[in-house]
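Input: one structure, supplied below.
If you read the sequence from its start, that first residue is 1, and numbering goes on from there. Atoms within each ligand, like the ligands themselves, are counted from 1 in listed order.
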Amino acid sequence: MTFAATVLTLYPEMFPGPLGISLAGRALAEGKWSLNAVQMRDFATDRHRSVDDTPAGGGAGMVLRPDILAAAVDSVVDDVPILAMTPRGLPLAQARVRELAAGPGVAILCGRFEGFDERIFEGRAVEPVSIGDYVLSGGEIGAFVTLDACIRLLPGVMGAASSGMDESFENGLLEYPQYTRPQMWEGRTIPEVLRSGDHAKIAAWRTARAEDDTRLRRPDLWERYCGARARSPSGARRQTKEE
Ligand code: SAH
């Protein structure tokens, strides 16, 4: 099944861009996903092809018109979740990425200027999505981020190796730190346990490091993880093992 990505943007020439190379590019060439980058301006109705207008209530910048956005969505989007890139959205997280990647595809509205007329979110079941707490100049890079995260999870795109539950966020934790050769670099060595060949010990060390690093670097994730572990049967199992 091909994962159908539709991007609605004022800059379709930006696509596939970084998604045309390496893993995502190969998957695109192999038909594991498809890309339709749509010029929103094509749905404007006036002779200047304008897609935006001044903010109601005053203020700087321009706002994307809901009627033009809706016309674009209605003519190119078919039965896939519709996301709109906006710093006002729910931050994109791996769990949502997994859901999206398991589905038929996704449509992504890329904002520019001051963003979208709010009514589009109600009028067309559009899900506001943010890629982080900072402001970009446009939604296209958010679309790259979202699509890249989905594409690597599509069947056959990545070796089984890195799709495992060890990866950051998959189990609610950051991944444990990784090391490779050389064994000694600028006086620093690889942790002894990783060279022990003792798989149980290595697994325990990795779990401990994943937990420590998450607690120190991402107290927000850690709190949620502890809450989930306290509630879930697998958490109870883990605790038994530790005793
Ligand atoms: N006035 C808006 C920001 C507009 S930035 C506000 O303060 O909320 C212009 C466009 O860039 C947005 O419409 C959105 O599509 C994109 N963008 C900016 N920051 C983003 C973020 N953190 N996540 C996703 N998209 C973002």
> For atom 26 (C) of ligand 1, which of Pro91, Gly59, Pro87 has the closest heavy atom?
Replying inline: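 It is Pro87 that holds the nearest heavy atom.
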>> When you measure from the heavy atoms of Gly111 to every atom of ligand 1, does any distance fall below 4.0 Å?
In response: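 Yes; Gly111 lies near enough to ligand 1 that a heavy-atom distance drops under 4.0 Å.
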>> Atom CG of residue position Asp46 - does it have more than 12 heavy atoms of other residues, nucleotides or ligands inside 6.0 Å?
In response: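 Enclosed: over 12 neighbouring heavy atoms sit under 6.0 Å from CG of Asp46.
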>> Any nitrogen or oxygen of Met85 lying under 3.5 Å from a nitrogen or oxygen in ligand 1? Just yes or no.
In response: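 Indeed, backbone or side chain, Met85 has an N or O that close.
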>> Check the orientation of Phe15 and Phe144. Use parallel for under 30°, tilted for 30 to 60°, and perpendicular for over 60°.
In response: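 Plane angle between 30° and 60°, so tilted.
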>> Taking atom CD1 as the centre, does Ile141 end up with more than 12 heavy-atom neighbours from other residues, nucleotides or ligands that are less than 6.0 angstrom away?
In response: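 No - once you tally the heavy atoms of other residues, nucleotides and ligands closer than 6.0 Å, there are 12 at most.
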> So which heavy atom in the protein is nearest atom 2 (C) of ligand 1, and how far is it from that ligand atom?
Replying inline: Glu114 O, 3.5 Å
>> How about CZ on Arg119, more than 12 heavy atoms from neighbouring residues, nucleotides or ligands closer than 6.0 Å, or not?
In response: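 Counting neighbours around CZ of Arg119, 12 or fewer heavy atoms of other residues, nucleotides or ligands fall under 6.0 Å, so no.
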> When Glu211 is tested against each of Arg218, Arg229, Arg217 for salt bridge (charged side-chain N to carboxylate O under 4.0 Å, His left out), which residue passes?
Replying inline: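 Only one option passes, and that is Arg229.
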>> One residue to check: Ser137. Relative to ligand 1, which of side chain, backbone, both or neither has a non-hydrogen atom less than 4.0 Å away?
In response: backbone
>> Would you say atom 7 (O) of ligand 1 makes contact with the protein, given that contact here means a non-hydrogen protein atom less than 4.0 Å away?
In response: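 So atom 7 (O) of ligand 1 lacks protein heavy-atom neighbours under 4.0 Å.
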> Taking only heavy atoms of Gly139, which atoms of ligand 1 are found under 4.0 Å from at least one of them?
Replying inline: 11 (O), 15 (O), 16 (C)
> In the protein, which heavy atom is nearest to atom 23 (N) of ligand 1, and how far is it?
Replying inline: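 Among all protein heavy atoms, the one nearest atom 23 (N) of ligand 1 is Ile131 N, 3.0 Å.
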> Roughly how far, to the nearest 0.5 Å, is the CG atom of Leu23 from the CG atom of Leu28?
Replying inline: 11.5 Å
> Counting both backbone and side chain atoms, is some N or O of Val135 under 3.5 Å from an N or O of ligand 1?
Replying inline: no
> Which one of Val80, Leu154, Leu153, Leu35 satisfies the side chain to side chain contact (heavy atoms under 4.5 Å, CB included) criterion with Phe3?
Replying inline: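 Among the candidates, only Leu154 passes.
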> Are Asp212 and Arg215 within salt-bridge range, i.e. N to O under 4.0 Å?
Replying inline: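 Counted as a salt bridge, because a side-chain N and a carboxylate O are separated by less than 4.0 Å.
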> Do any nitrogen or oxygen atoms of Val129 lie less than 3.5 angstrom from nitrogen or oxygen atoms of ligand 1?
Replying inline: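 Val129 vs ligand 1: no N/O contact under 3.5 Å.
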> Quick one: which ligand 1 atoms are inside 4.0 Å of a heavy atom on Gly138?
Replying inline: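 Once the distances to Gly138 are compared, the set is 10 (C), 11 (O), 16 (C).
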>> Below the 3.5 angstrom mark, is there an N/O of Phe116, backbone or side chain, next to an N/O of ligand 1?
In response: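 So ligand 1 has no N or O lying under 3.5 Å from an N or O of Phe116.
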> Considering only the protein, which heavy-atom contact is closest to atom 4 (C) of ligand 1, and what is its distance?
Replying inline: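 Result for atom 4 (C) of ligand 1: Phe113 O, 3.4 Å.
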> Has ligand 1 got any nitrogen or oxygen that is less than 3.5 angstrom from a nitrogen or oxygen of Leu136?
Replying inline: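 Checking ligand 1 against Leu136, an N or O pair does fall under 3.5 Å apart.
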> Will you find, in the side chains of Asp213 and Tyr176, an N or O donor that is under 3.5 Å from an N or O acceptor?
Replying inline: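 Note: Asp213 and Tyr176 side chains miss the donor-acceptor criterion.
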